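Start at 1 with the first residue, then count along the sequence. Atom set for the values below is all heavy atoms of this structure, side chains included, hydrogens, waters and symmetry mates excluded. Every value quoted in this text rests on a predicted model; they were computed, and no experiment measured them.
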Amino acid sequence: MSFKAAAIQMCSGVDPVKNAAAMARLVREAAAKGATYVQTPEMTGILQRDRAAARAVLADEAHDVIVKTGSELAREFGIHMHVGSTAIALSDGKIANRGFLFGPDGRILNRYDKIHMFDVDLDNGESWRESAAYTAGSEARVLSLPFAEMGFAICYDVRFPALFRAQAVAGAEVMTVPSSFARQTGEAHWEILLRARAIENGVFVIAAAQAGRHEDGRETFGHSMIIDPWGTVLASAGATGEAVILAEIDPGAVKAAHDKIPNLRNGREFSVEKIVGAVAGGVAA
């Protein structure tokens, strides 16, 4: 069953209420264009470097404005509404980077907590320690929906191909990668990584992104994308500003890609041996 998917590009600020209003406006635009699955970026609800300021406005899942708005939008338009992720306050004082998929009746069908924490030091002086504030997830899921088998990832997860391969082997036809990619790493790797995950697994990839200069001073790469199982970019957005991109998703194309290059079936178990003392022309005796 084909369906129309939308990826929502945002430039979220420090106020979750304002971000919820921006999300609602863009989702309404996507639904008006016929989208039945709509995805928003990582950290839809807030991008705030100041952790104390962020914690002061965060809520638990039951009281979060983005969760509430996402549920209402799903129900209002009868769509599958995917809040790519938002920051959820946990009882231990830490935060979950958590995505939510709502069904057309507004119920939560799936939660996904980002597994891989963005702990990096970049050449331009940016330093990030996501693990200092966030609790990492530990569970990947493939969700059976009426229109496709869907796998879940968030941003930095895209650099860990084993996560995507495990979901593809479990039957995923569509992989979701809502993101808030830094400009520097995005310029170098964003499209390459997304297309690689699509090609090597023969799946669709839908990646809604944050874009532009944010209130907290960070700059994100944008270029939200929808990619088919052959690695073709079906739709993409620009580097800055809000956008709604759409593409028709035909899960039948996944089978066609797997029939052409059946690497999921052809994979083999193997061992790795590290050899010490290798020399030119062979291995030392």
Side-chain angles (χ1 to χ4, degrees), residues 7-8 10 12-17 19-20 22-24 27 37-49 51 53-75 79-103 106-119 128-143 145 150-160 163-164 166-167 172 174-181 206-210 214 216 220:
I8 302 296
M10 298 178 65
S12 294
V14 300
D15 184 344
V17 175
N19 295 329
M23 176 182 76
V27 170
Y37 164 85
V38 181
Q39 180 193 123
T40 69
E42 180 186 27
M43 287 291 124
T44 292
I46 186 170
L47 281 174
Q48 169 63 278
R49 287 188 190 218
R51 289 171 181 161
R55 286 190 178 95
V57 298
L58 294 184
D60 61 21
E61 186 178 304
H63 301 93
D64 182 78
V65 65
I66 297 294
V67 174
K68 179 176 182 292
T69 304
S71 174
E72 291 171 349
L73 289 166
R75 188 165 52 249
I79 60 175
H80 283 81
M81 173 70 203
H82 184 181
V83 172
S85 87
T86 197
I88 298 295
L90 302 177
S91 58
D92 62 1
K94 294 195 83 172
I95 305 167
N97 187 344
R98 181 169 295 167
F100 297 87
L101 182 67
F102 301 92
R107 290 186 305 113
I108 296 173
L109 301 180
N110 187 60
R111 296 171 177 84
Y112 172 72
D113 286 0
K114 184 177 181 180
I115 292 174
H116 299 98
M117 298 288 95
F118 191 56
D119 291 354
W128 301 95
R129 291 293 180 271
E130 197 170 24
S131 62
Y134 290 83
T135 296
S138 60
E139 185 177 273
R141 289 178 176 173
V142 174
L143 186 64
L145 296 169
M150 184 169 287
F152 297 84
I154 296 173
C155 201
Y156 190 49
D157 284 335
V158 77
R159 293 185 182 272
F160 298 85
L163 172 62
F164 290 76
Q167 293 181 83
V174 177
M175 303 287 198
T176 60
V177 195
S179 297
S180 178
F181 240 68
I206 304 173
Q210 296 281 358
H214 298 263
D216 71 345
T220 52

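Between the side chains of Tyr112 and Asp157, at least one donor N or O sits under 3.5 Å from an acceptor N or O.
Residues Phe160 and Tyr156 bring their aromatic ring centres within 6.0 Å.
Across Val14 and Asn19, no two heavy atoms sit closer than the pair N-ND2, 4.4 Å. Of all heavy-atom pairs spanning Gly103 and His80, the tightest one is CA-CD2, 4.1 Å. Taking each heavy atom of Cys155 and Ser179 in turn, the nearest pair found is CA-OG, 3.3 Å. Scanning both residues, Ser71 and Gly106, for their nearest heavy atoms gives OG-O, 2.7 Å. Between Asn97 and Ser85, the shortest heavy-atom contact is OD1-OG, 2.6 Å. When all heavy atoms are compared, the tightest approach of Ile88 to Glu61 is CG2-N, 3.6 Å.
To the nearest 0.5 angstrom, Leu101 atom CG is 11.5 Å from Arg141 atom CZ. To the nearest 0.5 Å, atoms OH (Tyr134) and CZ (Arg51) are separated by 8.5 Å.
Asp113 contributes no side-chain N or O that, together with a main-chain N or O of Ala136, makes up a donor-acceptor pair within less than 3.5 Å. In this structure, Gln210 contributes its side chain and Met43 its backbone to a donor-acceptor pair below 3.5 Å. When atom types are taken as modelled, the side chain of Gln167 and the backbone of Ala172 share no donor-acceptor pair closer than 3.5 angstrom. A donor-acceptor pair is defined here as one N or O able to donate and one able to accept, closer than 3.5 Å; no such pair exists between the side chain of Thr176 and the backbone of Ile206. Put simply, the side chain of Arg55 gets close to the backbone of Gly93: a donor and an acceptor are under 3.5 Å apart. In this structure, Gln48 contributes its side chain and Ala54 its backbone to no donor-acceptor pair below 3.5 Å. Within the 3.5 Å criterion, the main-chain N or O of Thr86 finds no donor-acceptor partner in the side chain of Thr44.
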